[in-house]
Amino acid sequence: MLRVLAVDDEKPLLEELLYLLRSDPRVRSAEGASDATEALRRVTRALESGPDGPDGIDVVFLDIHMAGLTGLDIARLLAGFARPPLIVFVTAHEGFAVQAFDLKAVDYVLKPVRPERLAEAVRRTCAQLGRAEEVPVAAAAPSGPPAAAAQRPPAPEAAVAERGPEQIAVELGGVTRFVAIADIAYVEAQGDYARLHTDEGSHLVRIPLSTLEERWGARGFVRIHRRHLVALARIDELRLDSGSTTVQVGAAELQVSRRHSRELRDLLMRHATG
C-alpha cells in the first residue's frame, strides 16, 4: 500500500486531495505539505529513514504553481536523490505536461480532481512500484469504472469516440468538451500527449500521435514528421528550400522530415488533381 505526500499551497485544495487519497484503500497513509520547504523537509526525512522506515514516502502528489519553488522545481531537486519518490503532478494548468513527463512523472492530473481520475493515478503508481496486485482495485473508486477496467490503463481510443467517430473528447480543468475532427488542422506530439491545433486554439489529449495517425489516416491526416500529423486539406503551401521541406498550415510553418517528403508531395499532387 502507498505512503503518499500531497503538496499544495492552497489549503482547501490540499484538504480535498488528502480526503480523496485517504478514501482509497490502496493508500496506507496520506500526509500534506503546504509549501516547497515543508515538502522537501519531509522527503529528506523519509529518505534518511530508508524505504521501509516509519517516515517513508512512495509518491508525491505535487501541485505546480506555488509560491517560491514550483512543483517542477521540487521534482528536479528530488531527481537528484539516489532513490527519490515517484511524482504525480496535480495542476489546473495543462501546458506543463511535456516538462512533467520529461521529469519522469507517473501521471499528470488536471484540477478540479475527479475521484475516478485520481484513482487511475494511484493505479499507475502501484503498477510502477510493482504493487498492482496487492490491493482491491475495484474498491479504489466506487463511483469509477468496474474492476476489470480499473486494472489496466484506459485504451487511447476510449477518449476518442464518446460522441461518435467525428469528434474527439478533450478535457480542461475537469470540463469535457467535444472537438470536431474536421476542425483540427494538425496534431503535435508532446511526450505521452498530443496537442490538437484548431483555428480557435489548441487542446491537449493523452493519446499517442501514432494512435491518431492510425485512426485518422482515412480522414486525410498524414504524418509529415515524428512530431506532426497534418490534415492534408489544411496544407496551404509546400516549400522546398536547399533540400529542406516545410508546409504552411494556417499561421504555422511545419518541418517535413526527409523520409516523409516525397510521399507528402505525391499525396498533395493526387489531392490537387483528384
Q.
I'd like to know whether Ile184 forms a side-chain contact (heavy atoms from CB on, under 4.5 Å) with Val179, so could you lay out the CA-CA distance, the side-chain angles of the two residues, the decisive distance to 0.1 Å, and finally the verdict.
A. CA-CA 8 Å; Ile184 298 169; Val179 176; 4.1 Å; yes
**Q.** Side-chain heavy-atom pair Thr211, Glu214 within 4.5 angstrom cut-off
**A.** no
Q | Nearest atoms (heavy-atom pairs only) where Leu212 meets Ala194 | A | CD1-CB, 4.0 Å
Q | CG on Leu232 to CZ on Arg219, rounded to 0.5 Å | A | 15.0 Å
Q) Is there a side-chain contact between Ile87 and Leu103, using heavy atoms and a 4.5 Å cut-off? A) no
Q) Just wondering, do Leu118 and Leu17 contact through their side chains at under 4.5 Å, heavy atoms? A) yes
Q. Do Val113 and Leu18 belong together in a cluster built from hydrophobic side chains that touch within less than 4.5 Å?
A. no
Q: Determine, for Arg117 against Asp107, whether the closest basic-nitrogen to carboxylate-oxygen distance falls under 4.0 angstrom.
A: yes
Q) For the atom pair CZ (Arg258) and NE2 (His260), what is the distance rounded to the nearest 0.5 Å? A) 14.5 Å
**Q.** Separation between CZ of Arg259 and CD1 of Ile224, rounded to the nearest 0.5 Å
**A.** 12.5 Å
Q) Just checking, any donor-acceptor pair under 3.5 angstrom between side chains of Arg3 and Ser29? A) no
Q | Nearest heavy-atom neighbours spanning Tyr186 and Ala252 | A | OH-CB, 3.6 Å
Q. Would you say the side chain of Asp55 lies within less than 4.5 Å of the side chain of Leu47, judging by non-hydrogen atoms?
A. no
Q | Any side-chain donor near an acceptor of the partner, Arg265 and Ser261, under 3.5 Å | A | yes
Q. Taking 4.0 angstrom as the limit, do Lys11 and Glu16 come out as a salt bridge?
A. no
Q. Less than 4.5 Å apart, any side-chain heavy atom of Asp8 and any of Lys111?
A. yes
**Q.** Same apolar cluster (I L V M F W Y, side chains within < 4.5 Å links), Tyr108/Val98
**A.** no
Q: Working to the nearest 0.5 Å, report the span between OG1 of Thr245 and CZ of Arg262.
A: 10.5 Å
Q: Can you measure from CG (Asp9) to CG (Asp63) and round to the nearest 0.5 angstrom?
A: 6.0 Å
Q) Quick one: are Leu209 and Leu229 in side-chain contact, heavy atoms under 4.5 Å? A) yes
Q. What about Val122 and Tyr19, same hydrophobic cluster or not, with Ile/Leu/Val/Met/Phe/Trp/Tyr joined at side-chain heavy-atom distances under 4.5 Å?
A. yes
Q. What closest approach, in Å, do Leu204 and Ala97 show between heavy atoms, and which atom pair accounts for it?
A. CD2-CB, 3.5 Å
Q: May I ask you to decide whether Arg123 forms a salt bridge with Glu120, counting only side-chain N to carboxylate O separations under 4.0 Å?
A: yes
Show me the donor-acceptor pairs, under 3.5 Å and distance only, between side chains in residues 69-86 and residues at least two apart or in other chains.
residue, atom, partner, partner atom, Å
Thr70, OG1, Leu72, N, 3.3
Thr70, OG1, Asp73, N, 3.1
Thr70, OG1, Asp73, OD2, 3.2
Asp73, OD1, Arg76, NH1, 3.4
Asp73, OD2, Thr70, N, 3.0

Q) Is any side-chain heavy atom of Val88 less than 4.5 Å from a side-chain heavy atom of Val59? A) yes
(Q) Let me confirm one number: the CG-CZ distance from Leu21 to Phe61, rounded to the nearest 0.5 Å. (A) 5.0 Å
(Q) Apply side-chain contact (heavy atoms from CB on, under 4.5 Å) to residues Val230 and Leu264 and explain how you reach the verdict. (A) CA-CA 10 Å; Val230 175; Leu264 178 62; over 6 Å; no
**Q.** Pair Thr246, Gln255: side-chain N/O donor-acceptor within cut-off below 3.5 Å
**A.** no
Q) Which class fits the ring pair Phe221 and Trp216: parallel under 30°, tilted 30 to 60°, perpendicular over 60°? A) tilted
(Q) Would you say Leu13 ends up clustered with Ile64 if hydrophobic residues are merged whenever their side chains have heavy atoms under 4.5 Å apart, either directly or through other cluster members? (A) no
(Q) My understanding is that only residues two or more places apart in sequence, or in another chain, count here; which of them pass ring pair (Phe, Tyr, Trp, His ring centres under 6.0 Å) with His65? (A) His93, Phe96
Q) Which pair of non-hydrogen atoms, one from Met1 and one from Pro25, has the smallest distance, and what is that distance? A) CE-O, 2.6 Å
(Q) Just checking Gln248: does its CD atom have more than 12 heavy atoms from other residues, nucleotides or ligands closer to it than 6.0 angstrom? (A) yes
(Q) For a quick test of reading the model, state the closest non-hydrogen atom pair linking Ala33 to Leu14 and the distance between them. (A) O-CD2, 3.7 Å
(Q) I need the full list of salt bridge (charged side-chain N to carboxylate O under 4.0 Å, His left out) pairs touching residues 30-41, with sequence neighbours left out, sorted by first then second residue. (A) Glu38-Arg42
(Q) On a heavy-atom basis, which atom in Arg195 and which in Ser202 lie closest, and how many Å separate them? (A) NH1-OG, 2.9 Å
(Q) In the structure I gave you, are the side-chain heavy atoms of Arg223 and His225 within less than 4.5 Å of one another anywhere? (A) no
Q.
Set out, in order, the CA-CA distance, both residues' side-chain angles and the distance that settles side-chain contact (heavy atoms from CB on, under 4.5 Å) for Arg22 and Val4, then state yes or no.
A. CA-CA 9 Å; Arg22 289 166 180 164; Val4 179; over 6 Å; no
Q. Is the closest basic N to carboxylate O distance between Glu253 and Arg239 below 4.0 Å?
A. yes
Q. Got a salt bridge between Arg26 and Asp24, using NZ or NE/NH1/NH2 to carboxylate O under 4.0 Å?
A. yes
